[in-house]
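Presented below is the structure to which this report refers.
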Amino acid sequence: MLPLANEEKRINTHWLPVEIGLVNVLWKMATQQETSSQSTENLIEALHVDRKRRSLITNHIYLDDEKLPEDERTAVLREIFNRNIREKQLSRIISHLTPVLDGDHPPSALVYGPTGSGKTVTLMHVLSSFQQVAGKHGVAFRYAYIDLSSPKTYFGALNELAIALDGSNRRYRKGIPIEYMQARIVEALDGVQGFMCLLIDEADNIKPNVDSFLTFLGKTLPRKVSCRLILVLLTNRLDWEKALDPRILSFFKKTDIIFEPYDAMDLLEILKIRVEKALNKDKVEEAAIKKVAACASRETGDARKAVELLAKAVIVAEESTGRLTEAEVDLAEERLEMDKTEALIRALATQQRLALEACYLSVGQNNRRSATGQVYEVYRRVSMQEGVSPLTQRRFSDMISFLDLYGLVTARAISKGRYGYTREITGCLPRELVKRALSHAR
DNA sequence: CATCCACAGGAAAACGCGGTTG
DNA sequence: CAACCGCGTTTTCCTGTGGATG
């Protein structure tokens with residue numbers, strides 16, 4: 001999973017020839033010129049041309065979801081759905097909703113799916129399309145999106161709901177009674193006839209008392225308003241239902257819809273759209289995109305991660321050959337991994353950092369295996385030096401397990417016969433990465 | 001085959017710290 | 001203000017482990 005120490009050499013040998021070649025060309029050009037100022041100008045020109053030659057990106061924003069404006073985002077999504085990617089999920093949701101067209105009331109839905117499987121996106125798409133179809137059938141259908149992706153209280157959730165419903169941007173002040181909030185929501189819904197679909201994203205994010213919010217939504221609200229409510233709750237926790245009060249589940253009479261993570265084929269299509277929009281197609285090899293899709297689907301099937309990897313690979317390609325091939329993807333994956341572990345190390349608590357330092361100190365340059373006892377001694381010395389009082393061996397042992405869990409060291413329990421039962425600790429990260437991260441984290 | 005090393009790792013007690021109560 | 005409580009962390013105590021060794 002983690003990059004091996006010796007792979008760093010490959011990075012260098014990979015791009016060096018290109019750079020050297022370029023420098024040589026430039027040097028020749030420069031030396032042929034008569035005055036130095038002219039040569040500098042030429043150098044600038046040459047570098048500029050070269051930069052252009054290597055550049056892959058034609059439109060930057062399509063590689064960064066954060067920067068994509070809303071209408072562009074929906075346009076991209078529309079394309080995704082046109083390519084029949086989430087077909088199964090789409091048809092499930094739609095068949096759940098179709099009773100509306102005949103004026104029947106579908107039950108509420110609970111949608112499960114891991115992050116990056118396109119829950120929100122798909123639901124939004126379906127609902128907006130559904131609204132239009134319903135309009136043609138003469139059925140009044142509206143929907144509202146309530147985003148709870150940052151943790152909210154019962155009050156905060158009501159607030160979001162109120163904002164979504166009355167269309168205004170203003171937040172209601174804190175401190176007003178919850179009954180008032182509820183009254184506002186009822187008021188906002190009162191004039192509406194027909195169906196009202198509430199799409200509640202990350203519904204598991206309501207902190208202290210989820211139950212009361214859901215009770216309000218499922219029990220109180222439908223009685224007070226004229227329109228017919230359809231609740232759609234999105235969550236990425238499969239066990240969420242178990243945390244709920246069974247009474248709530250009973251009056252919800254809900255349907256479950258499950259979103260599988262994207263598979264490699266889906267991701268491939270999604271990536272292709274991005275590539276078309278953002279990159280110079282001639283410089284991108286099909287195999288590379290396939291590889292990105294394969295990597296992402298192997299890990300989590302998270303579309304956002306896939307795009308992130310693609311973006312990283314493009315950067316790698318831009319600063320080396322100017323072509324996106326499988327090799328660049330490999331490198332990008334490696335770097336992404338390195339960045340992650342480095343960030344992880346920097347975020348470690350002091351004691352854990354010391355433990356990690358002790359491990360790599362004890363293991364030495366040639367990755368000798370060390371027993372827990374030895375490393376503990378080193379750890380004691382190090383923490384004395386730092387002026388931190390060392391912890392007991394018991395705790396230290398736990399920290400080793402922690403470091404092992406996060407893949408920062410390898411520690412496996414082994415019996416050395418009558419010479420004891422220990423964990424052999426070895427490092428599994430490039431020395432220089434550890435050094436940099438450790439020195440930075442203080 | 002029993003022994004025994006040098007820890008692993010579970011359980012419980014002790015500690016520390018913010019918050020609450022009489 | 002002391003006494004108390006709840007909760008997470010740390011220490012102490014303890015039993016368990018697996019194979020080389022005599």
Side-chain angles (χ1 to χ4, degrees), chain A residues 1-2 4-5 148-157 173-178 202 204-213 235-245 340-429 431 434 437-442:
Chain A
M1 157 186 171
L2 286 161
L4 299 169
L148 301 178
S149 47
S150 53
K152 294 275 178 356
T153 57
Y154 177 27
F155 180 84
R173 271 195 323 106
K174 274 187 174 178
I176 52 178
I178 279 179
E202 310 283 343
D204 52 328
N205 239 340
I206 307 166
K207 254 195 300 178
N209 41 5
V210 204
D211 293 346
S212 42
F213 183 62
T235 175
N236 45 31
R237 290 175 44 191
L238 258 176
D239 59 342
W240 185 54
E241 195 181 315
K242 296 192 190 97
L244 291 178
D245 193 327
K340 262 196 281 180
T341 48
E342 197 172 331
L344 183 63
I345 292 176
R346 284 181 192 179
L348 286 181
T350 340
Q351 292 289 352
Q352 295 163 344
R353 213 191 62 226
L354 289 175
L356 183 69
E357 208 171 330
C359 288
Y360 278 87
L361 230 57
S362 166
V363 155
Q365 278 299 316
N366 39 8
N367 216 0
R368 206 177 60 246
R369 298 172 198 172
S370 305
T372 321
Q374 297 167 26
V375 183
Y376 182 63
E377 284 307 311
V378 178
Y379 160 77
R380 282 184 77 98
R381 278 213 311 277
V382 171
S383 49
M384 294 299 223
Q385 257 174 34
E386 300 271 316
V388 183
S389 53
L391 296 171
T392 33
Q393 187 155 356
R394 180 66 188 81
R395 292 284 301 125
F396 183 74
S397 166
D398 278 353
M399 286 199 299
I400 295 295
S401 317
F402 174 86
L403 293 178
D404 178 59
L405 186 69
Y406 281 87
L408 300 176
V409 299
T410 314
R412 54 203 175 104
I414 209 171
S415 172
K416 291 203 274 186
R418 61 176 301 172
Y419 300 112
Y421 186 69
T422 336
R423 276 190 292 194
E424 271 188 348
I425 298 165
T426 52
C428 57
L429 298 178
R431 281 315 107 94
V434 177
L438 279 178
S439 64
H440 203 280
R442 60 185 68 195

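Below, chain A is the first sequence line, B the second, and so on; all start at residue 1. These numbers come from the heavy atoms of this one structure, side chains and all, not from hydrogens, waters or symmetry mates.
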Contact summary for Cys359(A) and Ile400(A), nearest pair of heavy atoms: SG-CD1, 3.6 Å
Using rotation axes that map the C1' atoms of four end pairs onto the next four (five pairs an end), what angle separates the end axes of the helix from dC1(B)-dG22(C) to dG22(B)-dC1(C), to 10°? 40°
Nucleotide nearest [X] when distance is taken to its side chain, options [options]:
X         : options                  : result
Thr392(A) : dG18(C), dG9(B), dT11(C) : dT11(C)
Arg418(A) : dG18(C), dC7(B), dG22(C) : dG22(C)
Leu391(A) : dT11(C), dC7(B), dG9(B)  : dT11(C)
Arg423(A) : dA8(B), dT12(C), dT21(C) : dA8(B)
Tyr421(A) : dG19(C), dG16(C), dG9(B) : dG16(C)

Would you say Thr372(A) reaches dA6(B)'s phosphate, i.e. side-chain N/O to OP1/OP2 under 4.0 Å? no
Donor-acceptor check, side chain of Arg368(A) to backbone of Ser362(A), threshold 3.5 angstrom: yes or no? yes
Would a distance-only check, ignoring hydrogens and angles, find a side-chain to backbone donor-acceptor pair under 3.5 Å from Arg431(A) to Gly364(A)? yes
Of Tyr419(A) and Pro390(A), the one whose closest nucleotide on DNA chain C sits nearer the 5' end is Pro390(A)
Quick one: do the Gln393(A) and Tyr379(A) side chains pair a donor with an acceptor below 3.5 Å? no
Expressed in angstrom and rounded to an integer, what is the separation of [X] atom [atom1] from [N] atom [atom2]?
X         : N       : atom1 : atom2 : answer
Gln351(A) : dT11(C) : CD    : P     : 8 Å
Arg394(A) : dT9(C)  : CZ    : C1'   : 13 Å
Arg395(A) : dG8(C)  : CZ    : P     : 14 Å

Let me know which of Asp398(A), Leu408(A), Ile425(A) forms a side-chain contact (heavy atoms from CB on, under 4.5 Å) with Leu403(A). Leu408(A)
Using only heavy-atom distances, decide whether a donor-acceptor pair under 3.5 angstrom links the side-chain of Ser415(A) to the base of dG19(C). no
Note: Arg381(A)-Glu377(A) ion pair, threshold 4.0 Å (strictly below): no
